[in-house]
Each structure stands twice: as C-alpha cells, then as structure tokens.
Amino acid sequence: MLNIIIFGPPGSGKGTQSAKIVEKYKLIHLSTGDLFREEIEKDTPLGRKVKEYIDKGLLVPDKIVLREFYCRASEHMDSPGFVFDGFPRTIVQAEALDRMLNRQNIPINLVISVEVEENELFKRMMSRSEDSGRSDDAEEIIWRRIEVYKEQTLPLLNFYTKQGKLATINGMAPVDEVFSKISHAIDTYLEKKKILSDIK
Ligand code: ADP
C-alpha cells in the first residue's frame with residue numbers, strides 16, 4: 001500500500017492536488033472536509049452537528065472525526081493506498097491514525113506539506129468564496145481557520161518530521177508546477193523504497 005498525507009493550511013490547494021495524485025497513482029482520496037460537506041448537503045444528523053463547528057471555522061471534535069474516518073477508511077482497506085486530505089488535523093488524530101494503521105501493519109509512507117504564505121491563502125479563499133458556495137469561506141471565518149490551523153494542526157509538522165516522513169513543497173506556484181514537484185517527491189520515495197527492498 002502507498003499511503004500519503006497531504007498536509008497544509010486551508011486554501012493551500014490540498015483538494016486540487018489530492019485529485020491529481022489519486023488519478024496518477026490510482027489511490028483512494030479520503031477527505032474529511034468533503035465527507036462532512038456531503039453530510040451537510042444531505043442534511044443528516046451528522047451533517048447538522050458538524051455544521052455548527054465548520055461554520056464557525058472551528059475543528060470538528062476528534063471523536064466525531066475519528067469515528068467517521070474509521071468508517072470510510074475501513075471500506076477501502078484492500079485498495080492500493082490512500083491520500084488523506086485534511087486528516088489528521090490534530091495530534092490526537094495523528095496518534096489514532098498511527099495506532100489504526102500499526103494494527104494492520106500498514107505505514108504512512110509520506111507526508112507532503114504544501115507551503116503557502118498567509119496573505120496568499122486569504123486571497124485564494126476570498127476569491128473562491130463565490131464559486132465554492134462554502135459557508136466557511138467568509139472573511140472572519142477564513143482568519144479563524146488560519147488561526148486554528150496554526151494552533152492545532154501545525155504541531156503535526158514536528159510529529160511527522162520526527163518520523164522522517166515529511167516532504168515540503170512550495171505551494172506558491174501554478175497548480176501543474178506544484179503537482180510536478182509533488183510527483184517528484186512521490187517518485188523519489190518509491191525509488192528509494194525499491195532500492196531498499198532490492199538490497200534486502
Ligand atoms: P480547508 O483545508 O480548506 O479548511 P477542509 O475541507 O479540509 O478545508 O475542511 C473544512 C472544515 O471541515 C474544517 O475547517 C473543519 O471544521 C472540518 N474538518 C475537516 N477535516 C477535519 C478534521 N480532520 N478534524 C477536525 N475538523 C475537520
């Protein structure tokens with residue numbers, strides 16, 4: 001299995017890049033944000049619950065996220081691998097993900113961190129707000145999401161750096177350019193893995 005986490009602040013282009021990665025490497029895209037938006041769209045009890053948090057720019061509580069995540073991931077455990085997008089977003093989630101995967105002897109192979117400057121994030125989210133129709137793409141909510149990211153999600157960079165899994169990509173370039181850097185990071189990883197398994 002090839003399991004990749006795409007990591008970055010809101011507005012960094014995680015969703016766009018994930019779609020391209022899953023197409024090229026034939027992986028399953030698992031986005032907790034998309035999952036929650038579908039539930040909101042369908043107006044389910046879960047959708048109504050998570051909307052309270054999302055509309056304020058806050059994180060959905062770990063317990064809810066983890067339950068839904070396990071449920072979706074376990075449907076695809078026989079797939080060639082995953083791109084996790086928007087998950088994990090807290091240390092609690094990252095530790096839970098490690099425990100879940102360790103039990104099945106499956107690793108996270110690579111964490112791709114897409115870096116974009118704060119003002120650019122804001123500009124991108126404001127300019128997409130009309131098309132996206134996302135209730136959380138409004139000015140004060142965007143700033144709140146960026147703050148929440150810095151407080152609760154950014155510590156994960158250190159968590160995955162310690163595990164030696166982090167690849168950092170400059171996200172301040174056109175979509176295709178960013179994608180070609182991401183592909184390069186994945187191919188380099190796969191090549192290294194192949195060399196190591198050939199030696200064994
Ligand atoms: P973005 O990265 O642009 O903020 P997402 O689609 O990943 O967009 O997430 C939208 C919202 O959904 C987040 O602001 C948060 O409220 C909620 N959410 C998504 N994933 C998680 C998660 N793993 N943990 C907690 N909340 C989440």
Side-chain angles (χ1 to χ4, degrees), residues 3-22 28-42 44 46-74 82-101 108 111-157 159-160 169 171 175 178 182:
N3 293 310
I4 297 171
I5 293 173
I6 182 127
F7 183 90
S12 57
K14 297 187 297 289
T16 308
Q17 296 298 335
S18 296
K20 294 173 99 55
I21 300 170
V22 296
I28 300 279
H29 183 196
L30 213 164
S31 156
T32 41
D34 285 351
L35 192 163
F36 293 145
R37 277 186 292 276
E38 279 165 30
E39 295 292 324
I40 293 173
E41 186 70 24
K42 288 190 275 180
T44 61
L46 171 65
R48 288 196 287 275
K49 183 82 207 143
V50 299
K51 191 171 173 13
E52 289 170 27
Y53 298 94
I54 293 177
D55 282 359
K56 294 191 187 115
L58 301 175
L59 295 186
V60 173
D62 290 328
K63 219 171 136 190
I64 301 179
V65 177
L66 288 170
R67 192 185 57 212
E68 296 310 312
F69 174 83
Y70 287 149
C71 191
R72 283 294 168 103
S74 56
F82 290 96
V83 174
F84 299 123
D85 162 12
F87 178 90
R89 241 179 169 96
T90 62
I91 294 282
V92 170
Q93 292 176 19
E95 287 173 347
L97 177 63
D98 274 355
R99 278 196 301 276
M100 174 192 172
L101 295 178
I108 290 290
V111 178
I112 296 174
S113 167
V114 184
E115 292 193 329
V116 175
E117 284 166 18
E118 211 165 290
N119 285 338
E120 172 70 15
L121 296 174
F122 180 75
K123 265 200 300 196
R124 286 188 191 177
M125 284 189 276
M126 282 304 282
S127 73
R128 86 176 175 193
S129 66
E130 275 173 37
D131 304 330
S132 74
R134 279 176 55 164
S135 49
D136 57 350
D137 279 349
E139 188 164 350
E140 352 145 12
I141 306 299
I142 291 175
W143 285 119
R144 170 84 63 77
R145 284 160 63 203
I146 295 176
E147 285 311 311
V148 166
Y149 168 79
K150 286 198 278 192
E151 264 173 38
Q152 304 192 47
T153 308
L154 208 53
L156 290 182
L157 278 187
F159 181 91
Y160 287 116
I169 304 286
V175 170
V178 175
I182 291 178

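Ligands are counted one by one from 1 in listed order, and the atoms in each one are counted from 1 as well. Note that the structure is a prediction, hence the values are computed from the model and not measured.
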*Asks:* Can Arg37 be said to touch ligand 1, with heavy atoms closer than 4.0 Å?
*Replies:*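 Yes, that is the case, since the closest heavy atom of the residue is under 4.0 Å from the ligand.
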*Asks:* Any donor-acceptor pair under 3.5 Å linking the side chain of Thr32 with the backbone of Gly86?
*Replies:*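 Checking the backbone N and O of Gly86 against the side chain of Thr32, a donor-acceptor pair under 3.5 Å is found.
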*Asks:* Number the atoms of ligand 1 from 1 as they appear, then name those within less than 4.0 Å of a heavy atom of Arg145, with their elements.
*Replies:*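 Under 4.0 Å from Arg145, ligand 1 has these atoms: 1 (P), 3 (O), 4 (O).
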*Asks:* How long is the straight-line distance from OG of Ser127 back to CG of Asp137, given to the nearest 0.5 Å?
*Replies:*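 The distance works out to 9.0 Å.
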*Asks:* Under a 3.5 Å distance rule, please check whether Lys14 uses its side chain to pair with a backbone N or O of Asp85 as donor and acceptor.
*Replies:*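 Looks like no, no N/O pair under 3.5 Å.
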*Asks:* In terms of atom number and element, which parts of ligand 1 are under 4.0 angstrom from non-hydrogen atoms of Lys14?
*Replies:*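 Per the distance check, 2 (O).
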*Asks:* Among protein heavy atoms, which lies nearest atom 26 (N) of ligand 1, and at what distance?
*Replies:*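 Among all protein heavy atoms, the one nearest atom 26 (N) of ligand 1 is Val60 N, 3.0 Å.
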*Asks:* What's the spacing between Tyr53 OH and Asp136 CG if we round to 0.5 Å?
*Replies:*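 Output value for this atom pair is 15.5 Å.
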*Asks:* Output yes when a side-chain donor or acceptor of Gln17 lies under 3.5 Å from a complementary backbone atom of Gly13, and no otherwise.
*Replies:*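 Side chain of Gln17 to backbone of Gly13, a donor-acceptor pair under 3.5 Å: no, none is there.
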*Asks:* Decide side-chain contact (heavy atoms from CB on, under 4.5 Å) for Val65 and Phe36; before the verdict, give the C-alpha distance in whole Å, the side-chain angles of both, and the deciding distance to 0.1 Å.
*Replies:* CA-CA 9 Å; Val65 177; Phe36 293 145; 4.0 Å; yes
*Asks:* Going by the atom numbers of ligand 1, which of them fall below 4.0 Å from some non-hydrogen atom of Leu58?
*Replies:*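 Answer, ordered by atom number: 15 (C), 16 (O).
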*Asks:* Among all protein heavy atoms in this structure, tell me which lies nearest to atom 20 (N) of ligand 1, with the distance rounded to 0.1 Å.
*Replies:*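 I find the closest protein heavy atom is Thr32 OG1, 2.7 Å.
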*Asks:* Given Glu68, Arg89, Lys51, Glu52, which one has a non-hydrogen atom that is nearest to atom 4 (O) of ligand 1?
*Replies:*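 Checking each option, the heavy atom nearest atom 4 (O) of ligand 1 is found in Arg89.
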*Asks:* I'd like to know if the side chain of Thr153 reaches the main chain of Arg89, judged simply by a donor and an acceptor atom lying under 3.5 Å from each other, with no hydrogens or angles considered.
*Replies:*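 Yes; at least one donor-acceptor contact below 3.5 Å.
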*Asks:* Quick one: which ligand 1 atoms are inside 4.0 Å of a heavy atom on Gln93?
*Replies:*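 Counting from 1, the qualifying ligand atoms are 22 (C), 23 (N), 24 (N), 25 (C).
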*Asks:* Under 4.0 Å from a heavy atom of Val65: give me the atoms of ligand 1 that qualify, with their elements.
*Replies:*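 Taking each heavy atom of Val65 in turn, ligand 1 has 22 (C), 23 (N), 24 (N), 25 (C) under 4.0 Å.
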*Asks:* Look at the aromatic rings of Phe87 and Phe69 and report parallel, tilted or perpendicular, splitting at 30° and 60°.
*Replies:*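 Phe87 and Phe69: parallel rings.
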*Asks:* Counting each atom of ligand 1 from 1 as listed, which ones have a heavy atom of Arg128 under 4.0 Å away?
*Replies:*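 Ligand 1 atoms under the 4.0 Å threshold to Arg128: 3 (O).
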*Asks:* Side chain or backbone, does Gly86 bring an N or O within less than 3.5 Å of an N or O on ligand 1?
*Replies:*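 For ligand 1, there is an N or O atom that lies under 3.5 Å from one belonging to Gly86.
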*Asks:* Could you tell me the separation between the CG atom of Asp34 and the OG atom of Ser18, rounded to the nearest 0.5 Å?
*Replies:*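 Answer rounded to 0.5 Å: 8.5 Å.
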*Asks:* With heavy atoms of Gly33 as the reference, note each atom of ligand 1 found under 4.0 Å away.
*Replies:*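 Near Gly33, the atoms of ligand 1 are 5 (P), 6 (O), 9 (O), 19 (C), 20 (N).
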*Asks:* Closest approach of Arg145 and Pro10, non-hydrogen atoms and distance?
*Replies:*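 Nearest pair, atom of Arg145 first, then Pro10: NH2-CB, 3.7 Å.
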*Asks:* Does the residue Tyr53 have a heavy-atom contact with ligand 1, meaning some pair of atoms that are separated by less than 4.0 Å?
*Replies:*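 The answer is no, since Tyr53 has no heavy atom less than 4.0 Å from ligand 1.
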*Asks:* Counting non-hydrogen protein atoms only, what is the nearest one to atom 8 (O) of ligand 1? Give residue, atom name and distance.
*Replies:*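 The answer is Arg134 NH2, 3.2 Å.
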*Asks:* Is Asp136 in polar range of ligand 1, meaning some N or O pair under 3.5 Å apart?
*Replies:*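 Asp136 vs ligand 1: no N/O contact under 3.5 Å.
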